[in-house]
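Computed from a prediction, not measured in an experiment: that's the story for all the values here. For ligands, and for the atoms within them, numbers begin at 1 and follow the listed sequence.
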Amino acid sequence: MAEIRIGVVGCGGRMGRMLVSEAQAAGGFRVVAGSEAPGSPLLGKDVGELAGVGRLGVAVAADAASVFKTAEVVLDFTVPAASIAHARLAAETGRALVLGTTGIDAAQGAAIREAAKRAPVMWAANFSLGVNLLLNLVEQAARALGEEYDIEILEMHHRHKVDAPSGTALVLGEAAARGRGIDLKSRSERVRDGHPGARKSGNIGFAVLRGGDVAGEHSVIFAAPGERLELGHRAGTRAIFARGAISAARWVAGKPAGLYDMKDVLGLKR
Ligand code: NAD
């Protein structure tokens, strides 16, 4: 089978570099393009050397449009504003986009959904197998347990993470809300400080920890008088997200326009 030509926007970032090295390790891919933010000191450097996999003969470009011209599938783990520009390029060129950036707001989410009408877009806040299974388990538990079980979502990530709560914590919240048949937006408690008063029954609470090099830990706690059920996931290495994104790239290549997620790749859709 022909190799899948991939491009990595933000190829100098922590995830960007890992995507290049995991694509090389997986086989069946050729990294043909990479870009970085305009003005980045990494422009012009070799994408493979940055990722520690040796020279690939592909220079880091400032022009994301050139990545979409050259690659069949573009992987994007950057920042929300850049991802929106990349989604528009996917729509213009029809190229497949694997999108992992988190911290995307509602208006930006709408722009991604719009782009998915014209290009295949694989969008996931978390590309690990374990977390995608956890989403199903949380929805199931929330459906089975009534409002006397308070739902709290706790996450911890490394000190460099810029958004909070994590995109994964939010999709876990959405899964719990779906199970309960409630709207997460109007029923979540994102910050507690000072004198917030007693916990409101039926709300979903979030708590955030930051420190060190933690790749990503999430717990969903269902607490009732007398018992507590905890469902959780611990990522030991960020490589699991890169590997998942590479499997997603393989899956989405050649698919028709549409919005896809990891449940499609893992066969978890009901
Ligand atoms: P990072 O800061 O190390 O990397 C982001 C890179 O994007 C940087 O190199 C930056 O220069 C680059 N960038 C910014 N603007 C750009 C532009 N216009 N064009 C090209 N490149 C641009 O961050 P990171 O730790 O690699 O994480 C990146 C994103 O991926 C975050 O939102 C993070 O939460 C998310 N993430 C998602 C998953 C998942 O499974 N979905 C897993 C890990 C991280």
Side-chain angles (χ1 to χ4, degrees), residues 7-22 33-45 47 50-52 58-68 71 74-90 97-105 108-109 112 121-135 155-172 208 210 212-218 233-249 252 260-263 265-266:
V8 180
V9 288
C11 60
R14 282 176 291 250
M15 285 303 295
R17 292 174 199 232
M18 218 167 236
L19 290 165
V20 172
S21 67
E22 290 296 334
S35 72
E36 256 301 330
S40 162
L42 303 177
L43 297 179
K45 293 205 187 301
V47 170
L50 275 182
V58 177
V60 180
D63 170 24
S66 67
V67 179
F68 283 82
V74 177
L75 295 117
D76 177 350
F77 286 64
T78 58
V79 294
S83 292
I84 298 319
H86 296 145
R88 291 208 177 98
L89 285 170
L97 180 64
V98 175
L99 183 55
T101 305
T102 62
I104 291 192
D105 66 24
Q108 291 166 331
I112 292 168
V121 177
M122 167 69 62
W123 182 22
N126 192 303
F127 278 91
S128 90
L129 167 62
V131 162
N132 284 281
L133 271 173
L134 179 64
L135 289 170
E155 60 107 333
M156 178 162 187
H157 281 85
H158 54 88
R159 58 167 69 127
H160 303 290
K161 186 159 182 65
V162 291
D163 53 315
S166 70
T168 303
L170 293 172
V171 292
L172 285 165
V208 173
R210 291 285 174 268
D213 60 356
V214 176
E217 299 187 0
H218 294 87
H233 178 267
R234 291 184 178 194
T237 159
R238 287 154 66 83
I240 58 168
F241 309 123
R243 276 178 221 140
I246 293 298
S247 310
V252 82
Y260 304 102
D261 63 31
M262 277 308 273
K263 288 185 181 168
V265 180
L266 300 168

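Interface atoms of ligand 1 facing Thr102, defined by a heavy-atom separation under 4.0 Å, are 32 (O), 33 (C), 34 (O). Atoms of ligand 1 lying under 4.0 Å from any heavy atom of Ala124, numbered from 1 in the order shown and given with element: 41 (N). Using a 4.0 Å cut-off to heavy atoms of Val79, the atoms of ligand 1 that qualify are 14 (C), 15 (N). Close contacts between ligand 1 and Gly13 involve ligand atoms 3 (O), 4 (O), 6 (C), 8 (C), 9 (O) [criterion: under 4.0 Å to a heavy atom]. Less than 4.0 angstrom separates some heavy atom of Gly12 from each of these atoms of ligand 1: 9 (O). The distance from ligand 1 to the heavy atoms of Thr101 drops below 4.0 Å at these ligand atoms: 32 (O). Listed by number with element, the atoms of ligand 1 under 4.0 Å from a non-hydrogen atom of Met15 are 26 (O), 43 (C), 44 (C).
Using a distance-only test at 3.5 Å, with no hydrogens or angles considered, a donor-acceptor pair links the side chain of Arg17 to the main chain of Gly12.
Using a 4.0 Å cut-off between heavy atoms, Ala125 contacts ligand 1 through its backbone alone, with no side-chain atom that close. Contacts with ligand 1 closer than 4.0 Å are made by side-chain heavy atoms of Lys161 only, the backbone lying farther away.
For atom 18 (N) of ligand 1, the nearest non-hydrogen atom from the set Gly10, Ser166, Ala82, Gly216 comes from Ala82. Considering Met262, His86, Glu36, His160 only, the shortest heavy-atom separation from atom 9 (O) of ligand 1 involves Glu36.
Taking the six-membered ring for Trp and thresholds of 30 and 60 degrees, His157 and His218 have ring planes more than 60 degrees apart, a perpendicular arrangement.
Ranking the protein heavy atoms by distance from atom 25 (O) of ligand 1 puts Arg238 NH2, 2.6 Å first. Looking only at protein heavy atoms, the nearest one to atom 1 (P) of ligand 1 is Arg14 NH2, 3.7 Å. Among protein heavy atoms, atom 35 (C) of ligand 1 sits closest to Gly100 O, 3.6 Å. Given atom 22 (C) of ligand 1, the protein heavy atom at minimum distance is Ala37 N, 3.6 Å.
Among the atoms of Phe127, some N or O lies under 3.5 angstrom from an N or O of ligand 1.
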